[in-house]
Participant: 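Structure incoming, see below.
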Amino acid sequence: MTHQTTDRTTAALPGIDPAHRELALHLLHQMLRVRRLEETCVELYSASKIRGFLHVQIGEEAVAAGVMSALGPEDAVVATYREHGHALLRGVPAGAILAEMYGKQEGCCRGRGGSMHLFDAGTRFFGGNAIVAGGLPVAVGLALADRMQGRDRVTACFFGDGAVAEGEFHESLNLAALWQLPVLFCCENNLYAMGTSLTLTESQTDLALKAAGYEIPAWGVDGMDALAVAEASRRAVDAVRSGGGPHFLEMRTFRFRAHSMFDPERYRDKAEVAQWVERDPIDTLRAHLGLPDDEWAALRTDVDAELQQAVAFAEAGTDEPVEELTRWVYSERGAR
Amino acid sequence: MTHQTTDRTTAALPGIDPAHRELALHLLHQMLRVRRLEETCVELYSASKIRGFLHVQIGEEAVAAGVMSALGPEDAVVATYREHGHALLRGVPAGAILAEMYGKQEGCCRGRGGSMHLFDAGTRFFGGNAIVAGGLPVAVGLALADRMQGRDRVTACFFGDGAVAEGEFHESLNLAALWQLPVLFCCENNLYAMGTSLTLTESQTDLALKAAGYEIPAWGVDGMDALAVAEASRRAVDAVRSGGGPHFLEMRTFRFRAHSMFDPERYRDKAEVAQWVERDPIDTLRAHLGLPDDEWAALRTDVDAELQQAVAFAEAGTDEPVEELTRWVYSERGAR
Amino acid sequence: MKTSYREAMRTAIREAMLRDDRVFLMGEDVGHYGGCYAVSLGLLEEFGPERIRDTPLSESGFVGAGIGAALGGMRPIVEIMTVNFSLLALDQIINNAATLSHMSGGQFSVPIVIRMTTGAGRQLAAQHSHSLEGWYAHIPGLRIVAPATLADARGMLWTALEDPDPVLLFEHGTLYNVQGELDDDAGPVDIATAAVRRPGDQVSLITYGGTLPTALDAADRLAAEGIEAEVLDLRSLRPLDDAALAATVGKTHRAVVVDEGWRSGSLSAEISARITENLFYDLDAPVGRVCSAEVPMPYARHLELAALPTADRVVAAVHEVVHAGG
Amino acid sequence: MKTSYREAMRTAIREAMLRDDRVFLMGEDVGHYGGCYAVSLGLLEEFGPERIRDTPLSESGFVGAGIGAALGGMRPIVEIMTVNFSLLALDQIINNAATLSHMSGGQFSVPIVIRMTTGAGRQLAAQHSHSLEGWYAHIPGLRIVAPATLADARGMLWTALEDPDPVLLFEHGTLYNVQGELDDDAGPVDIATAAVRRPGDQVSLITYGGTLPTALDAADRLAAEGIEAEVLDLRSLRPLDDAALAATVGKTHRAVVVDEGWRSGSLSAEISARITENLFYDLDAPVGRVCSAEVPMPYARHLELAALPTADRVVAAVHEVVHAGG
Ligand SMILES: Cc1ncc(C[n+]2csc(CCOP(=O)(O)OP(=O)(O)O)c2C)c(N)n1
Ligand SMILES: Cc1ncc(C[n+]2csc(CCOP(=O)(O)OP(=O)(O)O)c2C)c(N)n1
Ligand SMILES: [Mg+2]
Ligand SMILES: [Mg+2]
């Protein structure tokens, strides 16, 4: 059912070198896939096809697109409950993601996880964690396993600005730095933790500076610029992979939509949102590329087709028999 | 039963101004009281009069003596399981402390707490906590109450280098700094957490620098020099009391004895200990003062008398009736 | 007056803030967001950011700070957004809040109220669907209460704040939208006794919190078949009201406990054990239990429903004990 | 071979390290200190600091790291110095270790073993004397085992490491110094079944871990008065061996559960409830329970003894059920 997504590279426009254009087009395509997937999720939620909590990252696509472009297939990814885009760009088919949100057994977790708990062993995508900062220690452990087994893999761990206040953040950064583990900490700083602004949660609001306090190389990146994120990620991933220990990227971004489908957004005014929407990462990159309308239209058609197939796949999904309720509580296959 | 301890100030020696000499003598006296109390505890433990875990701070007395000298009666103190000296210098009678370790109802907690859980409402001594870093959030809350009720009190919170790795340390420092609460964080850095050296627990071993990462004024102090600790504490307490927000003191010190009565000290060699013993805070201050032998002898006699009375008091202690086992699980007096 | 569980809880907080200026509300998103479940909506505007205090995501830190503030003379209401996150604050709750009074030989008490949303039923999956209130009831030094009605949502908070010891107050997420009538002069209620919500003499349905509506629904259906079930709402999970258990089972001789906790080691086990210990010779049948399946809650609706106690399952369990041996 | 519980546990760790190089031991003071209870003494010298890994005081961090390492193909043995500190790691244990397999639809499993010292009896007071293993047994997705004998201390670890799911292994602090004989070829043992440690036909004493010696002691005393008690060692607290419970109670018709946990909501409640559910008509008397008093453990020796289950109390409880009604 997977939809073949083809990177469409055409003759370079004057002034932009082909490699750069290829990367830019790739990032644009990936961001558009995330955007359309999540716009579809919102529609399906309103149509009551998707239930529970739903958190979309619309506006933040440059972060996932940029970081993922720097990872290899053997690397690992740990994300949060706002992870649809991360799963998709890591290689989980849109259909499997939507089927999961439909609660169907064709979903990537057989419908047991839902929106907040997407997992995929095949692409080493370790979720999908609904406990803020709960994924950080796990990422440290994945990296520890790689270190102890002499594998040059990198574990990318995504989390928000709100997670920085949690004790698990502190313990994880210290362990990773102390043991010099190959973790790339990817902080998605969208300035709000639900309805609480960063200024109300951190005494030190410069999060890159905070990370540096653990002796971890850390730098801030424009999280609305996919090319900047991709470039910073490439450098950081290279450093981590070549034994440079953990690195920390603070991606400064913004969520255009509400925290979840239940959030009336009382805590921020429309003007602040509007300012950021002007920096929409997709529009920005499209303009930077000077992409001709026909190519843009083609790209959209391509992505829309992918999503139509995905929705169809989810709609055709089937319920897992109730008799299987307690399956998977304990593993069915022995440990290898 | 309290033994009256008199600060013995005699004519100043040439070259030392009287105020300074008075403070120095006071600190010397206080350190000696702690030293002798804990030497007594060790003897009593060997004699099986005291059981459970026993952690002495022998070698670190300058820290408690110096900080306590800067606090007022309305201030609050939160300490760890290595807190006999803190309780004593805060004003808990040695007899009540020893009776507690004997498990007698005349003890400061009626024998329910023991060595690790000394409490005293009268002197606002809030323990005595056997969970590493468990006292920090409580200290933050005590300071929050003072702030909300407009009282200019300071809460001094003691903890070790090992506590710095705990999530509760991180959450507490951030809260105190974010809300600008009157907490004095007193880090007793004795270079080891049980048998694990600081270099094996922290990626950033400069703990003052680490605290500064929370936007908290922090400085390192020679924890073997009672006068230095007293001076640093005075300045920090003044700053905190006058609304300067939380401050952090890293006191660099060393424990001369084992972590507890069960510790064979395999993790450090005698030479390291010997080097630090040469800097014994009591000997150092006594030498600095050029205290005549007769005055020193008098001081010791004074302290020994206090302890003899304390031991007698504990020996005369009585067991709480077994029928009272479940008293105090819930309060007997209503909340006021 | 027509109101909702959510509004009743908000009124209770508001009243407490007005009655006693030592009272304040602290937690994640209680202020600017308006409360994750809108319980504290509007209170920031009325009382300001000092007393309606938004906290960072630091469960252990702000729960511990609440404990310290209580020791310092305040009367904190600490909101942990959901019981799932309270696991991060468990050290503070168990090792400090629950023990300080005893460890200090009665010198200190910790008058804190910790509120949290609990329970499943909204397809929030494994990490957001725990029912751990019965698990917390294992801890000496804590009082555990579970308001299941509008009157209790309105009246338990103030009584809890007046209690000198830590009280954990569990609000089931499916109750917030429950609408109903409440006396205009409704006020504080006791937090120690159980209450019979429906009289009956053939079987006792013992429950609390989010499953009270389930039990009442089942009782109606049973009545239709001529089985009169008495529904006992525990209200306080620690301590348990043994007298009320004895009274109802002494009358009906048969009992079914309805508890949303995972069956093994749930509160239903303690209740079953106590009934057997105290009323063994009164029992005409073994105590039945209707609990949640022992599975991290699945997201899929049909699986979640299959995992939770439903009126169907309660009715079936009652049939068993009613037709059992005796 | 003459050995001790501590040595048997050390041998088990050593053997596991030698058998499988994916196995490593991680925790506070397991290395340079030699282990808080000297279990890992000498292993740092033999296996080096990578595989005998001292951690900072970061319970949530290193337990979570153990979970991640297990997902990454390692076989971590994570030592939490004592159960009291495990409260700080509970989020990782419950929300990650216990749920990842199910949440991911069976794609992942977490083959981690978490060892901790549990229990009271050494005057360590309120914050260092918990017995929470029965409390942990409430959590689906976890296996809970409690080695009470030298053979189990020697043999449970390897089986636990071979299990694909998280296993929590509880070592009672009073057992480490127990001396005894162990076959030279002693090796892995199952971690699923209960074991009869002393046959008898008049009453069943059901226990585990640190209270097994207490129960055996009581059984000897009862035998002296002519009451033959069967002592069942649960060994696995989750899952419980229902067949073994049925077998012993089906034979004796009377049971007393001995559990060091606080009485209300302890494992003894679940066992009592299950026996009543499954064997109600076989019972000649209500199931008795001998547990800890519901108090944060006091330091004073005489108070601690008064709070704990002792052979005296077990004997008294047996007298009650033996002379009871039926
Ligand atoms: C430990 C924990 N506490 C509280 C919550 C409730 N909650 C869910 S998301 C969220 C805000 C997180 O903000 P941030 O980390 O910045 O991520 P973002 O949602 O902005 O992407 C909160 C408070 C949670 N899921 N986990
Ligand atoms: C949360 C927690 N983990 C582990 C322990 C066991 N433990 C007791 S003291 C200690 C070392 C603490 O070192 P540090 O904070 O430096 O204080 P020090 O003993 O050196 O004064 C440890 C690991 C504990 N009491 N609490
Ligand atoms: Mg955010
Ligand atoms: Mg130390």
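Order of the sequence lines sets the chain letters (A, B, ...), proteins ahead of strands, with each chain counted from 1.
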Participant: Nearest 0.5 Å, what's the CG-CD distance between L178(B) and Q204(A)?
Facilitator: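 The CD atom of Q204(A) is 11.5 Å from CG of L178(B), to the nearest 0.5 Å.
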
Participant: So which bits of residues 191-202 of chain B come within less than 4.5 Å of chain A, counting non-hydrogen atoms only?
Facilitator: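 T199(B), L200(B), T201(B), E202(B) fall under the 4.5 Å cut-off.
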
Participant: Given 3.5 Å as the limit, does a donor-acceptor pair link the side chain of H170(A) with the main chain of E168(B), or not?
Facilitator: no

Participant: For L209(B) and E215(A): C-alpha separation, side-chain torsions, deciding distance, then whether side chain to side chain contact (heavy atoms under 4.5 Å, CB included) applies.
Facilitator: CA-CA 11 Å; L209(B) 199 64; E215(A) 299 285 271; 5.6 Å; no

Participant: Are the side chains of K210(A) and N174(B) in touch, meaning some heavy atoms are under 4.5 Å apart?
Facilitator: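 K210(A) reaches N174(B) side chain to side chain.
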
Participant: So which of A176(A), S203(A), G167(A) has the largest heavy-atom pair count under 4.5 angstrom toward chain B?
Facilitator: S203(A)

Participant: Measuring heavy-atom distances to chain B, does Q180(A) have an atom under 4.5 Å in its side chain, in its backbone, in both, or in neither?
Facilitator: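 Looking at Q180(A), nothing touches chain B.
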
